Amino acid sequence: MTQRIRYFEYGCGVRVVAGHRALERVPEILGDLSARRPMFVTDPGVAASGLLETVRGAMGSAVKIGHVAADVPPDSPKDTVENLATRYREADCDALVALGGGSVIDTVKAVNILVSEGSDDLMIHAGVGRLQKPLKPFVALPTTAGTGSEVTTVSVIKDPIRRIKLFFSSRYLLPDAAVLDPRLTLGLPPAVTAATGMDALTHAIEAYTCMAKNPLSDAAARQAVALIGRHLLPLMTSPGDAQGRLAMAIAASLAGMAFSNSMVGLVHSLGHAVGALCQVPHGNCMAIFLPYGLEYNRHTIEPLLAELLFHFAGPETGSATPPDRRASLFIEKIRQLNHALHLASNGRHPRCLKEITDRDGKPLVTKERFGEIAAAAVNDGSLLWNPEDADWEDCLAILDAAWDGRPLGRRTGSGV
Amino acid sequence: MKAGNDFAFTCPAKVLCGRLALDHLPVELVERGAKKPLFLFDLTATKHSLPRIVHKALANSGLVMGVIDYIPERPEPDQLRDLREWFLKSRCDAVIGVGRGWVADMAKCLARFGDGNEARDFNKALPPEVFEQTLPLGIVPPADATGFEASSHLETVFPESRFIQFMPDLVVIDPRTTIPRTHSDAIDAAVSALASTVEQAVLPQGNPFIGIYAQAAIHELASQLAVTAESPSRIAAVELAAGIAYAGLSLGDTVCGPASRLAQRLAESGTISAANAVMLALPVMLQSMPVYRKERLARLLGLLAPLERLGATDAADNIRAAIGPLLDLFNRLMNAAPERYVSKLEAAGLAKTDLDAYAKHLADDGTDKGLVRRALSRIWSGTSADNHDREVIP
């Protein structure tokens with residue numbers, strides 16, 4: 001049996017409704033799900049931006065909202081989920097609508113577990129495949145174009161007391177519908193547009209190059225890479241371009257479908273470690289580590305990177321580049337994109353670890369923590385699917401190079 | 001991809017593909033609440049011992065397996081009624097169709113009409129709003145499937161109508177089950193699926209999510225067809241079955257583009273097979289028809305061509321470069337089996353005077369009759385393969 005037909009699964013049952021007036025279809029979508037009193041869940045930032053009013057305006061009077069919760073914090077903790085479930089029950093709601101980014105959507109997935117299972121203890125549902133039946137109707141309205149959480153089967157919730165992250169995975173966690181409307185992302189600040197866009201790009205590229213890739217996830221990844229290559233940077237100078245915003249929303253969902261039907265790799269391992277230990281936003285980690293992950297894996301995935309150049313930069317660039325230069329040019333293009341995003345966001349999009357700072361300008365990541373970060377990275381599950389093995393020293397070398405943005409300079413077949 | 005159009009996309013089908021895919025089916029069925037799935041097998045599947053293979057895969061799963069292993073190619077209405085009555089009495093709670101055409105349609109009808117829904121005559125299947133409750137539905141297609149099996153269409157009842165409720169929940173592609181009736185049947189099925197997917201991909205409707213399946217189908221079928229024609233193998237059969245299933249999943253509301261419709265008409269004449277007709281019609285129609293959007297053509301057919309050939313900045317050159325590999329592929333297939341395929345309609349014995357009638361059929365669907373007539377003339381005389389010039393591409 002050839003490698004090409006090794007076993008794989010691919011599926012995504014989410015109804016995706018996309019377009020410039022997609023929000024107007026929310027009442028119809030809720031109606032199809034027999035939802036009469038949905039609870040809307042969002043975060044303070046989205047609420048302050050006026051997006052809730054935008055959604056209400058688009059829905060008209062056709063939807064009777066049972067309750068609005070606008071207090072989901074970033075990296076939502078278990079208490080928040082339990083609190084939201086209580087409010088859902090008290091308001092006698094019968095469906096959930098998530099209006100927000102990955103954190104809000106993940107939170108609502110977890111709330112849906114509790115209200116559907118009639119449970120108060122989130123912990124007992126943690127793990128893979130623990131849910132046995134469909135949950136309450138759930139519609140996702142993503143307000144960022146990056147995480148792809150609206151089409152994935154997972155949710156991650158923080159348990160601050162035990163100091164762990166609870167992981168949930170089940171096909172029942174998939175939203176019934178995802179509504180992609182450019183009005184939801186038009187107001188994103190440039191730095192967030194950049195970070196979330198790079199998150200989506202990393203999903204697509206790692207899905208395309210990891211060991212669990214398959215023909216269908218490949219096709220989704222290629223589409224996503226092409227859309228991001230064409231639309232991300234122009235959005236930095238034309239943030240009001242609804243066409244570009246819609247394309248990026250679609251790209252993020254495609255990338256979400258790609259990686260949730262394959263896997264990710266080293267870039268995510270490093271990103272998870274830095275995110276957890278140094279509280280660095282996930283998108284920034286992805287942007288910084290993506291070229292390093294590709295450089296590290298390059299000699300194993302060179303033909304794949306060469307193909308991606310055609311999709312990312314266009315066939316003209318691809319065909320004008322000698323075959324043996326394509327993979328390295330693709331990696332270079334990623335670095336150039338990061339640099340251009342850095343300039344277009346007035347320096348808010350970091351290109352290397354030392355550029356990630358808190359409000360006082362103090363670095364969030366310090367060299368002293370590299371050992372700890374590398375140890376967390378090698379223990380991260382994403383590494384299992386990376387095309388190359390990577391050990392503690394390899395991760396340390398990548399962190400060292402990523403500190404000030406130096407290329408890794410890895411040579412074929414040898415260590416770092 | 002043009003992101004400017006509003007669209008909705010749902011694909012409930014989960015694809016299980018590759019070695020041991022069948023062994024993963026029980027888990028999926030149990031997860032969907034099934035305890036007693038009914039398996040329908042067509043005669044080809046039974047001949048190849050697939051009931052025994054499926055039974056073995058389900059062993060130790062705790063599932064009780066219902067089996068009907070004699071579904072004929074075209075069942076009589078009485079047989080359909082009997083089947084439904086038996087199904088209701090059997091209290092099966094999931095349906096898996098193993099085979100092509102009718103088997104898949106019958107599985108779809110039983111799963112969607114069988115449980116709690118009013119009795120229906122399959123030949124008068126009603127629109128989906130009547131469905132109150134549906135059962136888990138799986139399809140296990142062979143390598144000579146049509147693609148419809150994995151789609152939301154009922155091929156034999158109303159192929160032009162698409163109801164999302166008929167989309168299977170599971171599509172299983174396993175080397176043990178993708179055995180075609182004959183090797184030639186598999187090649188012909190793959191050619192037809194490739195042609196219809198290319199047409200779907202370049203027609204104005206569609207969206208980037210459906211495009212996933214179209215891209216995967218084109219990639220899989222184009223890369224495997226020529227190899228398979230020259231050296232058939234069980235591995236190749238899996239690849240073709242997978243490509244055909246992806247083609248089915250990419251089917252939108254319009255099942256057939258102009259080239260596939262023309263090929264069907266030509267095949268009805270009895271002088272040429274549908275696969276042969278579409279091999280002649282597709283390249284010419286792609287070159288000629290304004291209905292195909294040149295941007296999509298250049299990009300999606302890029303999956304057929306070495307990518308470096310698509311480097312020219314002139315879109316017309318890209319189209320020429322993209323259609324070239326399609327012509328090469330079809331020529332290679334025709335050369336591999338000269339006893340089965342002709343390279344021009346004239347050789348199939350079709351009278352030139354009949355071309356007008358075929359042009360009229362397509363013109364009735366809104367395609368410019370003059371363009372079709374000229375395209376047909378080229379197919380008839382076999383000038384298409386050497387002439388990449390476009391008549392009209394806006």
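Naming: A, B, ... by sequence-line order, numbering from 1 per chain. These numbers were taken from a predicted model, which means no experiment stands behind them.
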Return the option, out of A:Arg222, A:Arg21, A:Arg171, with the maximum number of heavy-atom pairs under 4.5 Å with chain B. A:Arg171

Among A:Leu254, A:Val17, A:Asn261, which residue forms the greatest number of heavy-atom pairs with chain B at distances under 4.5 Å? A:Leu254

Using non-hydrogen atoms and a 4.5 Å limit, figure out which bit of B:Ala21 sits close to chain A: side chain, backbone, both or neither. both

Does any backbone or side-chain atom of B:Tyr213 lie under 4.5 Å from a heavy atom of chain A? Answer side chain, backbone, both or neither. both

Audit row: A:Tyr172, A:Gln132, side chain to side chain donor-acceptor pair (under 3.5 Å) steps and yes/no: CA-CA 8 Å; A:Tyr172 296 121; A:Gln132 298 299 319; over 6 Å; no

Can you see whether A:Tyr10 has B:Lys14 sitting over its ring - NZ or CZ less than 6.0 Å from the centre and within 45° of the normal? no

Below 30° counts as parallel, above 60° as perpendicular, anything between as tilted: where do the rings of A:Tyr7 and B:His24 land? parallel

Quick check on A:Ala22 against chain B: is it the side chain, the backbone, both or neither that has a heavy atom closer than 4.5 Å?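 Just its backbone gets close to chain B.
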
Measuring heavy-atom distances to chain B, does A:Leu180 have an atom under 4.5 Å in its side chain, in its backbone, in both, or in neither?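 Interface part for A:Leu180: side chain.
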
Inspect the contact between A:Asp32 and A:Arg15 and indicate whether a charged nitrogen and a carboxylate oxygen are less than 4.0 angstrom apart.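 A salt bridge is present here (some side-chain N lies under 4.0 Å from a carboxylate O).
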
Are B:Asp23 and B:Arg176 ion-paired here, with the side-chain N under 4.0 Å from a carboxylate O? yes

